[in-house]
Amino acid sequence: MAAIEQHVEHEHGHASPQARLENLKFATWLYLASEVIIFTVLIATYVVFSLNNRDVVHEVHEKAGIMLVAFNTFLLLASSWAMVMGLRQLKLGNRQGLISWISLTALLGVIFVSLQYVEYRTLSDAGVVLFYSGGALSEFGMRFYAPTAFHGAHVIVGVLWALFIIWNARRGNYSATNYAGVEIFGLYWHFVDVVWIFLFTFIYLI
Amino acid sequence: MAAVTAPTLPGVAGEEPTRLHVSDYLRWSVDHKIIGVQYMATALFFFIFGGALAMLIRWELLTPAIDLMADGQAYNSLFSIHGTVMIFLWIIPMIAGLGNYLVPLMLGAKDMAFPWLNAFAFWLIPPAGMLMILGYFVGQTEAGWTSYPPLSTLFSGDGQTLWALSLHLLGISSILGSINFIVTIRNMRPAGMGYFQMPLFVWAVLATSIIVVMATPFLAGALTLLILDRVAGTAFFNPAQGGDVLLWQNVFWFYSHPAVYIMVLPAFGVISELLAVHSRKPVFGYRAIALSSMAIALVGFTVWAHHMFTSLTPELRIPFMITSMIIAVPTGIKVFSWLGTIWGGKIHFTSAMLFALSFLSMFVIGGISGVMLGSVPWDIHVHDTYFVVSHLHFVLFGGSVLAIYGGIYHWFPKITGRMLDERLGKIHFWITYPAFFLTFFPMHLAGMLGMPRRVAQYAPEFQTLNVIISIAAFVLGISTFILLYNIVWSLYHGEKASANPWRALTLEWATSSPPPSTNFIGDPVPFPNPYGYGTEAAYNYVESQNKKYGTVNPADYLPAEKSTAVTSE
Ligand SMILES: [Cu+2]
């Protein structure tokens, strides 16, 4: 039975490597398009609330301050830059460079999530909680935590993915001509970054 | 599924004949043909489950009082699960199954673009289905398939949470499956097949998959919020705690109106194939049919609030009424193209063709009642009555399910290597068709007279109508077993099918029935026009497919100069 299974697996993974990469990249774009829509629903839920409750938003902004989040935004942008640098090093044939830069990407991602946790603690101490507990602050809370935590989960997935890339690179699976795996991770990571820019703008700036 | 044997094909030395046993369908496989059958078998199981619930609904409605069910709540979960199962666990997976089996074959490809992802998407469905059934037995899934808050957040119980989790899994499954379809169709067409040489079923699957990728995430977003409300104590949908009930309605219908096309566009695709093949004529208006699918996919995103005429700000009603009227136009274009296709054709009244023709008549009724509902004054009159129930069953049963029946009769020989019994097929048809009509047409009347939907108790003056509807529904339910019996009987005793029993020109027929594990021996060359029936070239091409093994090159049969000679074909 195992033999048949392998035979089938082999036959059906048949397309040429180049065609497979084209397929993978296109599929990643489609997947990200559907992610955009889920984020849109969550962000729209927040935006409708914030337009109708300006005073609550101002109250939270005063409590939370913007410095921590601004720094966090900077970290995420830097991680995207590290990602680009890593891919460039790989294309130049420098696999060690790839590993260093992607490690930096992952590290910045971890710091981002940790600082987000610190921010959540500050906010929940100030009364901004996820579940409804009476009062306008918790009405704000659920609409704030849903999109940002969903984004945070994406960052965590991205960090794990980066570790997987590093593990693969150490085994010598990428080269100057074989970098699609890194490129597809890059698409995802930039997407996570861009979504954060929107979240930052809508939640913290407006 | 019983043993299905592919013939040994000469010319491939050392290739073992693929002997598939029922156990091959019960475990992980990355072959799109096995996955397709897995989808279809799973869907048929849920069809029977959902059908049994429908029978219980009709039994309860034989009398104006609550007598079969313990109370109104038990009745609520009955119709909630019936609706959800039929839509998300029968029609959508059944169509995904047909698409999985047929799209790579129609493209002359060896498999889908991502075989592993394909299997993964399928294997999300059985656990999701189990959660749904569990939800029914846990109880308190009482908010209907639309699950409007506050019903779905404040009043219903654990069954509702399971319902939401199940739907979330099904949504992920369909998004992954559709990404796979889009990539396959865009990147894996053979040389000689541009977009406008693709079979119309493939066009329909493409349009459907685009809708799934763009619309299903809205459902995922809404369900995420609903689950948070139910388990994490948030109040997104509870107005008393600063939530908004209309948020659910807007997001849900932004998904669910396009979802109607997710269920109906592939049915359109099936019909386009069936009508052309069984009336031996080129499709009339190929481009019109192909592009109107795309038009429907786009306009489908602008009409959602016609489900909310009674809850929406009145000023918004007119714009949504206008878009709802506009979306009838591309559908009308298709209907006229189909009529043009069979007009003057040499119609073979096979079971597949009978179901395709019944689709034409019944779907048009559903379309017209849809336009009626799209106009605000009429909608407000029949809002939440049996008129709506009638409309949606004419679209989803008279549309999707009748097309699926036709598709089963048409492609069963390709999938199993045996023909379905035509005599049983005709008996199935001649019971299903009138029983369907008598079940759902009188519901229009009940609705116009004011019978509300989703109630177990109704005014005594509606009893006559309801008894007629219930009796017809029982006959309709029984008629399904003729099909199931036919499937099981034909698997063992059906007449052996040749490679191309319906003499069709699309590529899925250019290989043995059932196809070998690699689908084709060598790379198949598509016939230049997939619907070029009635020419000598087409006649000779099809003849040779049934006479020799292996793929046939159309170039051998195409005349040097374009011939328009019409043979008896
Ligand atoms: Cu609609």
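Per chain, numbering begins at 1; letters A, B, ... match sequence-line order.
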Legend entry - N/O donor-acceptor pair under 3.5 Å between A:Trp196 side chain and A:Leu77 backbone: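 The answer is no, because no donor-acceptor pair under 3.5 Å joins these two groups.
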Legend entry - Test item: B:Asn519 side-chain N/O and B:Ala109 main-chain N/O as donor-acceptor pair under 3.5 Å: yes
Tell me, side chain or backbone of [X] under 4.5 Å from chain A's heavy atoms, or both, or neither?
X        : answer
B:Leu225 : side chain
B:Phe254 : neither
B:Val183 : both
B:Ile179 : both

Inset, instruction - Test the A:Arg95-A:Tyr174 pair against the cation-pi criterion, namely NZ or CZ under 6.0 angstrom from the six-membered ring centroid and within 45° of the ring axis. - result: no
Taking [options] one by one, which has the highest count of heavy-atom pairs under 4.5 Å against chain A?
options                                : value
B:Thr184, B:Leu247, B:Thr234           : B:Thr234
B:Ser178, B:Ala220, B:Ala215, B:Ala232 : B:Ala232
B:Gly221, B:Gly233, B:Pro217           : B:Pro217

Legend entry - chain B contacts, top residue of A:Val41, A:Thr45, A:Leu30, A:Ile37 (heavy-atom pairs, under 4.5 Å):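 Most heavy-atom pairs within the cutoff with chain B belong to A:Ile37.
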Legend entry - Contact leader toward chain B among A:Thr40, A:Leu42, A:Leu24, A:Val36, where contacts are heavy-atom pairs under 4.5 Å: A:Leu24
Inset, instruction - Flag yes if more than 12 heavy atoms outside B:Phe120 fall under 6.0 Å of its CZ atom; otherwise flag no. - result: no
Inset, instruction - Determine whether more than 12 heavy atoms belonging to other residues, nucleotides or ligands lie under 6.0 Å from atom CZ of A:Phe198. - result: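 Open.
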Inset, instruction - Flag the pair B:Gln249 / B:Leu312 as yes when at least one side-chain heavy-atom distance between them is below 4.5 Å, and no otherwise. - result: no
Legend entry - Salt-bridge present (B:Asp31, B:Lys110; N to O < 4.0 Å): no
Legend entry - chain B contact via A:Leu130 - side chain, backbone, both or neither, heavy atoms under 4.5 Å: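 Contact with chain B: backbone and side chain both.
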